[in-house]
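Here's the structure, in C-alpha coordinates; my notes come after.
All of these numbers come straight from a predicted model, not from anything done at the bench.
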Amino acid sequence: MRKILAMLLACGMMCGMLAGCGGNGGGSDAPATDGGNAAADAGDSGGSENMTLIMSQRDEFLSELESAAVNAAKELGVNLTTQDANSDTSRMLQYIETAKNAGEKAIIINMVDPATAQQCVESAGDMKVVFVNRYPTDPSVLNENAVYVGSDEMTSGKFQGEFLVDYFKAQGKTDIKYILLNGILGQTSTENRTLSFEKAMADGGINIELASGALAADYDRATAMDMISPLVDTVEYDCIVSNNDAMALGAIEAMKSKGLDPKAIPIVGIDASTDGREAVKSGELAMSVYQNPFGQGEGALRAALNMISGKPINEGTSFDLDETGNIVWVPFEPVTIDNVADYD
(Lines give C-alpha, C1' and ligand atoms only; values in the text may rest on other atoms or scores of the structure.)
Protein backbone atom coordinates (compact mmCIF):
# COMPACT_ATOMS: atom_id res chain seq x y z
CA MET A 1 0.00 0.00 0.00
CA ARG A 2 2.84 2.34 0.92
CA LYS A 3 4.51 1.62 -2.42
CA ILE A 4 1.31 2.49 -4.27
CA LEU A 5 0.92 5.78 -2.31
CA ALA A 6 4.57 6.65 -2.96
CA MET A 7 4.13 6.07 -6.68
CA LEU A 8 0.98 8.20 -6.76
CA LEU A 9 2.77 11.02 -4.90
CA ALA A 10 5.75 10.86 -7.23
CA CYS A 11 3.48 11.02 -10.26
CA GLY A 12 1.70 14.05 -8.82
CA MET A 13 4.95 15.87 -8.22
CA MET A 14 6.13 15.04 -11.76
CA CYS A 15 2.94 16.44 -13.27
CA GLY A 16 3.29 19.62 -11.21
CA MET A 17 6.83 20.14 -12.41
CA LEU A 18 5.81 19.58 -16.02
CA ALA A 19 2.95 22.03 -15.65
CA GLY A 20 5.33 24.58 -14.14
CA CYS A 21 7.77 24.25 -17.04
CA GLY A 22 4.99 24.63 -19.57
CA GLY A 23 3.76 27.80 -17.84
CA ASN A 24 7.17 29.44 -17.80
CA GLY A 25 7.80 28.60 -21.45
CA GLY A 26 4.62 30.34 -22.57
CA GLY A 27 4.94 33.34 -20.27
CA SER A 28 5.81 36.84 -21.56
CA ASP A 29 8.93 36.99 -19.42
CA ALA A 30 10.54 33.88 -20.93
CA PRO A 31 13.99 34.58 -22.43
CA ALA A 32 14.31 34.34 -26.25
CA THR A 33 16.51 31.43 -27.32
CA ASP A 34 17.33 32.86 -30.79
CA GLY A 35 17.37 36.65 -31.05
CA GLY A 36 17.85 36.59 -34.84
CA ASN A 37 14.77 34.44 -35.44
CA ALA A 38 12.75 36.50 -32.99
CA ALA A 39 13.59 39.64 -34.96
CA ALA A 40 12.70 37.95 -38.24
CA ASP A 41 9.39 36.78 -36.81
CA ALA A 42 8.65 40.34 -35.68
CA GLY A 43 9.24 41.53 -39.23
CA ASP A 44 6.84 38.92 -40.60
CA SER A 45 4.15 40.00 -38.16
CA GLY A 46 4.22 43.64 -39.16
CA GLY A 47 7.41 44.76 -37.36
CA SER A 48 10.63 46.07 -38.88
CA GLU A 49 12.74 44.35 -41.52
CA ASN A 50 16.41 43.85 -40.63
CA MET A 51 18.77 44.83 -43.42
CA THR A 52 22.46 45.59 -44.05
CA LEU A 53 24.07 48.25 -46.26
CA ILE A 54 27.71 47.54 -47.12
CA MET A 55 29.78 50.55 -48.17
CA SER A 56 32.94 50.04 -50.22
CA GLN A 57 34.47 53.05 -48.46
CA ARG A 58 33.40 56.45 -47.19
CA ASP A 59 34.05 59.62 -49.16
CA GLU A 60 31.86 62.72 -49.32
CA PHE A 61 29.50 61.34 -51.95
CA LEU A 62 29.21 57.83 -50.51
CA SER A 63 28.70 59.21 -47.00
CA GLU A 64 25.74 61.24 -48.29
CA LEU A 65 24.39 58.12 -50.01
CA GLU A 66 24.72 56.19 -46.74
CA SER A 67 22.96 58.93 -44.77
CA ALA A 68 20.09 58.95 -47.26
CA ALA A 69 19.65 55.19 -46.90
CA VAL A 70 19.73 55.47 -43.10
CA ASN A 71 17.13 58.24 -43.10
CA ALA A 72 14.89 56.32 -45.51
CA ALA A 73 15.19 53.24 -43.28
CA LYS A 74 13.97 55.22 -40.28
CA GLU A 75 11.05 56.57 -42.28
CA LEU A 76 10.08 53.14 -43.63
CA GLY A 77 10.59 51.20 -40.40
CA VAL A 78 13.70 49.23 -41.40
CA ASN A 79 16.41 48.26 -38.91
CA LEU A 80 19.39 49.13 -41.12
CA THR A 81 22.96 48.20 -40.19
CA THR A 82 25.74 49.86 -42.19
CA GLN A 83 29.19 48.35 -42.62
CA ASP A 84 32.34 49.86 -44.14
CA ALA A 85 34.44 47.38 -46.14
CA ASN A 86 37.35 49.84 -46.25
CA SER A 87 38.05 48.91 -49.89
CA ASP A 88 38.56 45.26 -48.88
CA THR A 89 36.63 42.75 -51.01
CA SER A 90 37.19 39.91 -48.52
CA ARG A 91 35.67 42.01 -45.75
CA MET A 92 32.73 42.91 -48.00
CA LEU A 93 32.02 39.23 -48.67
CA GLN A 94 32.24 38.46 -44.95
CA TYR A 95 29.62 41.12 -44.21
CA ILE A 96 27.35 39.53 -46.83
CA GLU A 97 27.75 36.11 -45.17
CA THR A 98 26.98 37.64 -41.77
CA ALA A 99 23.76 39.19 -43.04
CA LYS A 100 22.74 35.90 -44.66
CA ASN A 101 23.43 33.94 -41.46
CA ALA A 102 21.34 36.46 -39.51
CA GLY A 103 18.35 35.59 -41.68
CA GLU A 104 18.06 38.94 -43.45
CA LYS A 105 15.89 38.91 -46.56
CA ALA A 106 17.74 41.57 -48.57
CA ILE A 107 21.11 43.28 -48.65
CA ILE A 108 22.35 46.51 -50.25
CA ILE A 109 25.92 46.48 -51.60
CA ASN A 110 28.15 49.30 -52.78
CA MET A 111 30.81 47.02 -54.25
CA VAL A 112 34.52 47.47 -53.66
CA ASP A 113 35.15 45.94 -57.09
CA PRO A 114 32.27 45.72 -59.59
CA ALA A 115 33.91 42.64 -61.10
CA THR A 116 32.91 40.70 -57.96
CA ALA A 117 29.16 41.02 -58.50
CA GLN A 118 28.72 37.29 -59.13
CA GLN A 119 30.62 36.47 -55.93
CA CYS A 120 28.35 38.82 -54.04
CA VAL A 121 25.23 37.12 -55.40
CA GLU A 122 26.60 33.67 -54.55
CA SER A 123 27.52 34.75 -51.02
CA ALA A 124 24.06 36.24 -50.53
CA GLY A 125 22.33 32.90 -51.08
CA ASP A 126 18.56 33.39 -50.89
CA MET A 127 18.82 37.07 -49.97
CA LYS A 128 17.64 39.70 -52.44
CA VAL A 129 20.59 41.81 -53.61
CA VAL A 130 20.57 45.52 -54.46
CA PHE A 131 23.80 46.85 -55.97
CA VAL A 132 24.03 50.60 -55.55
CA ASN A 133 26.21 53.23 -57.28
CA ARG A 134 28.80 50.83 -58.72
CA TYR A 135 27.46 49.00 -61.76
CA PRO A 136 28.41 45.32 -62.12
CA THR A 137 31.15 44.70 -64.66
CA ASP A 138 29.04 41.79 -65.91
CA PRO A 139 25.42 43.04 -65.99
CA SER A 140 24.16 39.51 -66.74
CA VAL A 141 24.10 38.94 -62.97
CA LEU A 142 21.08 41.26 -62.77
CA ASN A 143 17.69 39.55 -62.58
CA GLU A 144 14.60 39.44 -60.38
CA ASN A 145 16.79 38.63 -57.35
CA ALA A 146 19.73 40.98 -58.01
CA VAL A 147 19.14 44.56 -59.18
CA TYR A 148 20.99 47.83 -59.62
CA VAL A 149 20.20 51.36 -58.43
CA GLY A 150 22.43 54.12 -59.75
CA SER A 151 23.09 56.62 -62.51
CA ASP A 152 23.89 55.99 -66.17
CA GLU A 153 27.58 56.89 -66.43
CA MET A 154 27.33 57.33 -70.19
CA THR A 155 25.44 60.56 -69.51
CA SER A 156 27.86 62.00 -66.92
CA GLY A 157 30.86 62.70 -69.16
CA LYS A 158 28.41 63.66 -71.89
CA PHE A 159 27.37 66.73 -69.88
CA GLN A 160 31.02 67.67 -69.32
CA GLY A 161 31.70 67.37 -73.05
CA GLU A 162 28.66 69.40 -74.08
CA PHE A 163 29.69 72.22 -71.73
CA LEU A 164 33.23 72.30 -73.10
CA VAL A 165 32.05 72.13 -76.72
CA ASP A 166 30.03 75.29 -76.14
CA TYR A 167 32.91 76.93 -74.25
CA PHE A 168 35.56 76.33 -76.91
CA LYS A 169 33.30 77.00 -79.88
CA ALA A 170 32.54 80.39 -78.35
CA GLN A 171 36.32 80.99 -78.47
CA GLY A 172 36.54 79.74 -82.04
CA LYS A 173 38.63 76.71 -81.03
CA THR A 174 38.19 73.25 -82.48
CA ASP A 175 41.49 71.66 -81.36
CA ILE A 176 42.24 71.47 -77.66
CA LYS A 177 44.66 69.76 -75.29
CA TYR A 178 43.47 68.55 -71.91
CA ILE A 179 44.68 66.89 -68.72
CA LEU A 180 42.55 63.91 -67.70
CA LEU A 181 42.08 62.81 -64.08
CA ASN A 182 40.75 59.26 -64.08
CA GLY A 183 39.08 57.52 -61.16
CA ILE A 184 39.78 53.90 -60.22
CA LEU A 185 40.99 52.11 -63.34
CA GLY A 186 38.91 49.13 -64.42
CA GLN A 187 35.70 50.40 -62.87
CA THR A 188 32.75 50.84 -65.21
CA SER A 189 32.11 54.33 -63.83
CA THR A 190 35.65 55.46 -64.64
CA GLU A 191 35.61 54.02 -68.15
CA ASN A 192 32.16 55.33 -69.07
CA ARG A 193 32.71 58.80 -67.66
CA THR A 194 35.78 59.16 -69.83
CA LEU A 195 34.25 57.53 -72.90
CA SER A 196 31.09 59.63 -72.76
CA PHE A 197 33.18 62.81 -72.43
CA GLU A 198 35.30 61.89 -75.45
CA LYS A 199 32.22 61.02 -77.51
CA ALA A 200 30.48 64.30 -76.67
CA MET A 201 33.54 66.28 -77.73
CA ALA A 202 33.77 64.39 -81.02
CA ASP A 203 30.04 64.75 -81.65
CA GLY A 204 30.40 68.49 -81.03
CA GLY A 205 33.20 68.82 -83.59
CA ILE A 206 36.04 69.36 -81.12
CA ASN A 207 39.32 67.51 -81.65
CA ILE A 208 40.92 66.53 -78.35
CA GLU A 209 44.47 65.51 -77.46
CA LEU A 210 45.87 64.52 -74.08
CA ALA A 211 48.45 66.99 -72.83
CA SER A 212 50.03 64.17 -70.82
CA GLY A 213 49.28 60.56 -70.02
CA ALA A 214 45.93 60.11 -68.26
CA LEU A 215 46.34 60.24 -64.48
CA ALA A 216 44.69 57.54 -62.36
CA ALA A 217 44.04 59.36 -59.09
CA ASP A 218 41.50 56.88 -57.67
CA TYR A 219 38.79 59.51 -57.12
CA ASP A 220 40.94 60.95 -54.32
CA ARG A 221 41.60 64.65 -53.82
CA ALA A 222 45.07 64.41 -52.28
CA THR A 223 46.23 61.83 -54.83
CA ALA A 224 45.03 64.04 -57.68
CA MET A 225 46.85 67.06 -56.25
CA ASP A 226 50.12 65.13 -55.98
CA MET A 227 49.85 63.64 -59.46
CA ILE A 228 48.90 66.79 -61.33
CA SER A 229 51.22 69.23 -59.52
CA PRO A 230 54.26 68.54 -61.75
CA LEU A 231 52.14 69.16 -64.87
CA VAL A 232 50.12 72.30 -64.22
CA ASP A 233 53.06 74.64 -64.88
CA THR A 234 55.10 72.51 -67.30
CA VAL A 235 52.75 71.35 -70.09
CA GLU A 236 50.36 73.19 -72.38
CA TYR A 237 46.66 72.47 -71.82
CA ASP A 238 43.32 74.15 -72.46
CA CYS A 239 41.25 72.46 -69.74
CA ILE A 240 41.26 69.82 -66.99
CA VAL A 241 38.68 67.04 -67.10
CA SER A 242 38.10 65.05 -63.93
CA ASN A 243 36.01 61.93 -63.32
CA ASN A 244 34.81 63.46 -60.03
CA ASP A 245 34.78 66.68 -58.03
CA ALA A 246 37.28 65.52 -55.41
CA MET A 247 40.05 65.11 -57.98
CA ALA A 248 39.06 68.38 -59.69
CA LEU A 249 39.43 70.14 -56.33
CA GLY A 250 42.87 68.56 -55.99
CA ALA A 251 43.77 70.06 -59.36
CA ILE A 252 42.53 73.48 -58.22
CA GLU A 253 44.72 73.27 -55.11
CA ALA A 254 47.71 72.22 -57.21
CA MET A 255 47.27 75.24 -59.48
CA LYS A 256 46.96 77.60 -56.53
CA SER A 257 50.10 76.15 -54.95
CA LYS A 258 51.98 77.08 -58.13
CA GLY A 259 50.55 80.60 -58.19
CA LEU A 260 48.18 79.81 -61.09
CA ASP A 261 44.58 81.00 -61.35
CA PRO A 262 42.21 78.01 -61.71
CA LYS A 263 39.63 80.33 -63.25
CA ALA A 264 41.92 80.90 -66.24
CA ILE A 265 41.00 77.53 -67.81
CA PRO A 266 37.85 75.43 -67.43
CA ILE A 267 38.08 72.61 -64.89
CA VAL A 268 35.12 70.23 -64.92
CA GLY A 269 34.08 67.55 -62.44
CA ILE A 270 31.29 65.14 -61.60
CA ASP A 271 29.13 64.71 -58.45
CA ALA A 272 28.28 68.33 -57.59
CA SER A 273 29.36 67.53 -54.04
CA THR A 274 29.09 70.15 -51.31
CA ASP A 275 32.69 71.29 -51.85
CA GLY A 276 32.26 70.99 -55.60
CA ARG A 277 29.24 73.30 -55.58
CA GLU A 278 31.15 75.88 -53.57
CA ALA A 279 33.91 75.77 -56.18
CA VAL A 280 31.34 76.28 -58.95
CA LYS A 281 29.98 79.31 -57.09
CA SER A 282 33.48 80.78 -56.80
CA GLY A 283 34.19 80.13 -60.49
CA GLU A 284 37.18 77.89 -59.77
CA LEU A 285 35.25 74.83 -61.00
CA ALA A 286 33.66 75.66 -64.34
CA MET A 287 30.90 73.06 -63.97
CA SER A 288 30.01 69.76 -62.39
CA VAL A 289 27.46 67.03 -62.99
CA TYR A 290 25.07 66.26 -60.17
CA GLN A 291 25.01 62.64 -59.12
CA ASN A 292 22.15 62.28 -56.67
CA PRO A 293 23.39 60.48 -53.53
CA PHE A 294 20.05 60.94 -51.81
CA GLY A 295 18.13 59.43 -54.71
CA GLN A 296 20.55 56.50 -54.89
CA GLY A 297 20.53 55.86 -51.14
CA GLU A 298 16.77 56.04 -50.69
CA GLY A 299 16.18 54.34 -54.05
CA ALA A 300 18.33 51.37 -53.01
CA LEU A 301 16.51 51.00 -49.69
CA ARG A 302 13.12 51.15 -51.37
CA ALA A 303 14.23 48.68 -54.06
CA ALA A 304 15.22 46.18 -51.38
CA LEU A 305 11.85 46.48 -49.64
CA ASN A 306 10.00 46.28 -52.96
CA MET A 307 11.86 43.09 -53.89
CA ILE A 308 10.85 41.49 -50.60
CA SER A 309 7.23 42.47 -51.28
CA GLY A 310 7.27 41.45 -54.95
CA LYS A 311 6.68 45.02 -56.20
CA PRO A 312 8.40 46.91 -59.05
CA ILE A 313 11.75 48.00 -57.65
CA ASN A 314 11.16 51.69 -58.39
CA GLU A 315 7.80 51.85 -56.61
CA GLY A 316 7.65 54.84 -54.26
CA THR A 317 10.20 56.83 -56.31
CA SER A 318 10.07 59.11 -59.35
CA PHE A 319 12.90 57.23 -61.07
CA ASP A 320 12.64 55.16 -64.25
CA LEU A 321 13.21 51.46 -64.73
CA ASP A 322 15.21 50.15 -67.66
CA GLU A 323 13.53 47.78 -70.11
CA THR A 324 14.50 44.70 -68.07
CA GLY A 325 12.88 45.97 -64.90
CA ASN A 326 16.10 45.22 -63.00
CA ILE A 327 17.72 48.68 -63.04
CA VAL A 328 16.57 51.94 -61.46
CA TRP A 329 18.18 54.92 -63.17
CA VAL A 330 18.74 58.02 -61.02
CA PRO A 331 19.50 60.76 -63.59
CA PHE A 332 22.64 62.91 -63.76
CA GLU A 333 22.10 66.68 -64.09
CA PRO A 334 24.54 69.37 -65.29
CA VAL A 335 25.42 72.04 -62.70
CA THR A 336 26.82 75.44 -63.66
CA ILE A 337 26.98 78.89 -62.10
CA ASP A 338 23.50 79.47 -63.50
CA ASN A 339 21.75 76.73 -61.52
CA VAL A 340 24.15 75.71 -58.73
CA ALA A 341 22.02 77.39 -56.07
CA ASP A 342 19.20 74.96 -56.89
CA TYR A 343 21.30 72.10 -55.44
CA ASP A 344 21.91 73.58 -51.98
Side-chain angles (χ1 to χ4, degrees), residues 56-57 59-61 87 112-115 134-135 137 153-165 167-168 171 173-271 273 275-276 279 284-289 291 332:
S56 61
Q57 62 189 62
D59 56 22
E60 182 179 342
F61 175 84
S87 300
V112 173
D113 179 358
R134 293 185 175 177
Y135 189 71
T137 302
E153 298 292 357
M154 287 304 291
T155 63
S156 56
K158 173 176 174 286
F159 286 126
Q160 290 179 316
E162 289 175 345
F163 175 88
L164 290 175
V165 165
Y167 177 90
F168 288 117
Q171 295 185 346
K173 289 185 177 182
T174 57
D175 299 283
I176 65 117
K177 291 184 177 181
Y178 70 108
I179 297 176
L180 175 64
L181 287 165
N182 271 323
I184 299 171
L185 294 182
Q187 285 195 356
T188 305
S189 58
T190 300
E191 293 174 358
N192 287 351
R193 289 180 182 194
T194 300
L195 285 172
S196 58
F197 158 73
E198 292 172 346
K199 184 177 185 303
M201 296 294 278
D203 290 346
I206 302 293
N207 302 312
I208 57 175
E209 179 185 351
L210 283 168
S212 69
L215 308 176
D218 296 337
Y219 291 117
D220 183 71
R221 184 171 181 165
T223 302
M225 181 178 178
D226 290 343
M227 294 186 80
I228 203 171
S229 285
L231 301 174
V232 292
D233 59 349
T234 59
V235 302
E236 293 184 8
Y237 56 98
D238 299 293
C239 62
I240 297 173
V241 178
S242 174
N243 284 163
N244 79 340
D245 283 353
M247 295 187 296
L249 293 170
I252 290 170
E253 291 175 15
M255 292 186 73
K256 287 181 175 179
S257 72
K258 297 293 184 75
L260 302 174
D261 181 6
K263 298 178 184 178
I265 53 102
I267 302 172
V268 297
I270 293 172
D271 285 343
S273 63
D275 289 345
E284 293 179 339
L285 188 62
M287 67 87 66
S288 186
V289 183
Q291 182 178 202
F332 280 108

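- The two residues M247 and N182 make their nearest non-hydrogen contact at SD-O, 3.2 Å.
- Side chain of T190 to main chain of I184: a donor-acceptor pair is present (N/O by atom type, distance under 3.5 Å, no hydrogens or angles).
- Within the 4.5 Å cutoff, side-chain heavy atoms of F61 are placed close to those of Q291.
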Exercise for review: Decide side-chain contact (heavy atoms from CB on, under 4.5 Å) for I206 and L164; before the verdict, give the C-alpha distance in whole Å, the side-chain angles of both, and the deciding distance to 0.1 Å.
Suggested key: CA-CA 9 Å; I206 302 293; L164 290 175; over 6 Å; no
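- Note: K199 NZ to T194 OG1 = 15.0 Å, rounded to the nearest 0.5 Å.
- A pairwise comparison of heavy atoms in I179 and A211 identifies CG1-CB, 4.2 Å as the closest pair.
- Contact between V241 and Q160 at its shortest, heavy atoms only, is CG1-OE1, 3.9 Å.
- Residues A248 and L285 approach most closely at CB-CD1, 3.8 Å, considering heavy atoms.
- N244 places a side-chain N or O within 3.5 Å of a backbone atom of Y219 that can act as its donor or acceptor partner.
- Note: D203 CG to E162 CD = 9.0 Å, rounded to the nearest 0.5 Å.
- The shortest non-hydrogen separation linking A254 to S229 is CB-OG, 3.5 Å.
- Under a 3.5 Å cut-off, the side chain of D238 and the backbone N or O of I176 do not form any donor-acceptor pair.
- What you find for Y167 and A264 is that their closest heavy atoms are OH-O, 4.5 Å.
- Aromatic rings from Y178 and F168 are positioned such that their centres are separated by 6.0 Å or more.
- Separating the CZ atom in F163 from the OG atom in S288 is a distance of 11.0 Å, to the nearest 0.5 Å.
- Between F332 and I270, the closest side-chain pair of non-hydrogen atoms falls below 4.5 Å.
- Residues K256 and P262 have side chains in contact (heavy-atom distance under 4.5 Å, counting atoms from C-beta outward).
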Review point. Do R221 and D275 pass the side-chain contact (heavy atoms from CB on, under 4.5 Å) test, and can you show the C-alpha distance, the side-chain angles, and the key distance before you say yes or no?
Key: CA-CA 11 Å; R221 184 171 181 165; D275 289 345; 3.5 Å; yes
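- With hydrogens and angles left out, the side-chain atoms of T223 and D218 include no donor and acceptor closer than 3.5 Å.
- No side-chain heavy atom of V268 sits under 4.5 Å from any side-chain heavy atom of F159.
- To the nearest 0.5 angstrom, S273 atom OG is 6.0 Å from L249 atom CG.
- N243 places a side-chain N or O within 3.5 Å of a backbone atom of G183 that can act as its donor or acceptor partner.
- Taking CE from M255 and CD1 from I267, the interatomic distance works out to 5.0 Å, rounded to the nearest 0.5 Å.
- Taken from OG1 in T188 to CZ in R193, the straight-line distance is 11.0 Å, to the nearest 0.5 Å.
- Among the candidates L215, L181, L231, I252, the single residue satisfying the side-chain contact (heavy atoms from CB on, under 4.5 Å) test with I240 is L181.
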